[in-house]
Amino acid sequence: MKTYIITGANSGLGFETAKRIAKKGYRVILACRNMEKGSEAADAIKSETGNENIESRQLDLASLVSVRNFAEGLKDTAIYALDNNAGISGMKTGTTEDGYDIVFQSNHLGHFLLTNLLLPQIEDDGRILNISSDMHNPPYGELVWKGAEILAHPTEEIMRQRYYYSKLCNLYFTYELSRKLREEGSHITVSALNPGFMGETNLAGGNMTKERIEQVKQTMPDRFGELSVSAQAAADILTEDRYLSSEALYYDRSTNTARSSLLSYVEENAKELWDASMKLSGLR
């Protein structure tokens with residue numbers, strides 16, 4: 001039985017994706033920071049799908065020790081797919097126990113370490129999906145790559161852009177990981193998905209009124225995403241054979257591919273982020 005790991009799967013997009021994969025009969029591990037919510041989510045998915053191969057395990061991406069402990073607990077498990085779904089908004093501020101900006105570590109560095117630790121156990125025809133955002137290319141003001149060190153220890157200049165940069169990091173990681181795997185002869189599919197702005201998720205506050213959601217839908221149709229559609233897209237990308245690919249693809253609010261920003265394809269930046277992330281996460 002194929003094993004799927006989904007981070008941040010106790011609510012929102014992660015929960016809906018997990019539910020759809022569970023309905024296909026696969027084993028799903030919900031990697032959640034809050035174990036009480038994770039257990040409740042696992043029970044809910046079991047009840048709705050009839051699939052008993054659902055479990056929750058503790059994972060706090062803002063702690064590199066937690067990431068390592070989570071990976072250690074799976075060292076004897078063959079993994080088919082990893083869905084790096086968890087994320088926090090740019091409203092969060094503070095420094096993690098590891099000394100890095102909480103948005104940078106939660107949205108990028110924690111997943112970078114997790115993926116690299118689990119890579120040896122991911123099946124050769126397996127998959128890695130990174131949940132990015134079209135906000136890697138914000139509608140107001142173009143981003144300029146300033147290097148990973150500034151993102152890990154942000155200056156006041158970029159504080160309001162930390163979420164945007166973290167989503168750009170997701171794409172740099174996607175494209176660079178895919179390149180490295182191909183060079184090694186691996187057949188693992190690495191993809192990225194922009195789920196779009198969804199008022200129902202915790203990232204958007206989770207309590208937006210229907211009127212506000214409709215307003216966003218009308219004023220920014222090119223940024224709006226439907227939770228059910230994006231969750232189904234994520235589940236299909238992770239399970240259906242037609243989405244196996246030797247190229248790292250960027251999916252836009254569906255299973256339709258699109259081009260990410262010009263900045264996201266600058267290989268020099270992706271390599272700089274990779275090398276810095278190796279150092280920051282303590283990998284060799």
Side-chain angles (χ1 to χ4, degrees), residues 1-74 77 79-89 91-92 94 96-97 102-103 105-107 110-111 113-115 118 128-131 133 193 195-210 213 225-239:
M1 178 181 294
K2 292 179 179 178
T3 296
Y4 286 77
I5 298 173
I6 303 176
T7 67
N10 60 273
S11 64
L13 180 66
F15 176 78
E16 293 298 326
T17 301
K19 190 164 60 176
R20 285 160 174 76
I21 293 175
K23 285 181 179 179
K24 295 173 181 276
Y26 299 120
R27 179 192 183 199
V28 183
I29 297 174
L30 315 181
C32 306
R33 181 178 59 84
N34 185 312
M35 276 305 294
E36 181 179 354
K37 293 181 179 178
S39 296
E40 291 174 355
D43 288 342
I45 292 174
K46 289 178 185 178
S47 176
E48 183 168 341
T49 66
N51 184 344
E52 291 296 318
N53 294 300
I54 313 297
E55 63 180 282
S56 61
R57 298 198 182 195
Q58 206 277 333
L59 171 67
D60 182 357
L61 291 161
S63 165
L64 298 182
V65 169
S66 177
V67 173
R68 291 182 180 278
N69 288 340
F70 178 85
E72 178 67 19
L74 291 168
T77 301
I79 300 165
Y80 180 72
L82 171 62
D83 180 3
N84 288 320
N85 164 84
I88 62 174
S89 77
M91 299 297 290
K92 301 286 187 180
T96 68
E97 63 186 41
I102 192 169
V103 175
Q105 183 166 337
S106 298
N107 291 0
H111 279 135
L113 176 60
L114 177 67
T115 303
L118 294 180
I128 297 167
L129 177 63
N130 295 319
I131 303 301
S133 167
L193 170 68
F197 178 85
M198 300 176 294
E200 308 98 323
T201 67
N202 289 338
L203 196 63
N207 56 357
M208 293 184 66
T209 64
K210 291 183 178 180
I213 293 174
E226 298 281 357
L227 177 58
S228 60
V229 175
S230 292
Q232 189 62 55
D236 288 346
I237 292 165
L238 287 163
T239 60

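Just so you know, these numbers use all the heavy atoms, side chains as well, and skip hydrogens, waters and symmetry mates. Position 1 is the first residue of the sequence; numbering continues from there.
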State, with a plain yes or no, whether a side-chain heavy atom of [X] is found less than 4.5 Å away from one of [Y].
X	Y	answer
L74	T3	no
R33	L61	no
L227	E16	yes
I5	T77	no
N69	Q58	no

Heavy-atom pair of closest approach, residues [X] and [Y]:
X	Y	answer
L59	A31	CD2-CB, 3.6 Å
A41	A9	CB-O, 4.2 Å
G110	V67	O-CG1, 3.9 Å
S230	L13	C-CD1, 3.9 Å
I54	K46	O-CE, 3.0 Å
I21	A235	CG1-CB, 3.9 Å

Check whether [X] reaches the backbone of [Y] with its side chain - one donor and one acceptor, N or O, closer than 3.5 Å.
X	Y	value
S56	A42	no
N51	A22	yes
T115	H111	yes
N85	G8	yes

side-chain contact (heavy atoms from CB on, under 4.5 Å) partners of S106, counting only residues at least two apart = A62, I88, I102
query = Does one side chain, of T17 or D83, offer a donor that lies under 3.5 Å from an acceptor on the other?
reply = no
What is the distance from atom [atom1] of [X] to atom [atom2] of [Y], rounded to the nearest 0.5 Å?
X	Y	atom1	atom2	answer
R57	S39	CZ	OG	12.0 Å
R68	S63	CZ	OG	10.5 Å
R20	I45	CZ	CD1	10.5 Å
K2	N53	NZ	CG	15.0 Å
M35	E40	CE	CD	11.0 Å
L238	L129	CG	CG	5.0 Å

request  = Applying side-chain contact (heavy atoms from CB on, under 4.5 Å), run through N34 and N10 and close with a yes or a no.
outcome  = CA-CA 8 Å; N34 185 312; N10 60 273; 5.6 Å; no
task = Would you please test I128 and N84 for side-chain contact (heavy atoms from CB on, under 4.5 Å) and show each step?
result = CA-CA 8 Å; I128 297 167; N84 288 320; 4.0 Å; yes
request  = Would you mind listing every ring-ring contact (aromatic ring centres under 6.0 Å, His included) that reaches into residues 26-53, with sequence neighbours excluded?
outcome  = Y4-Y26
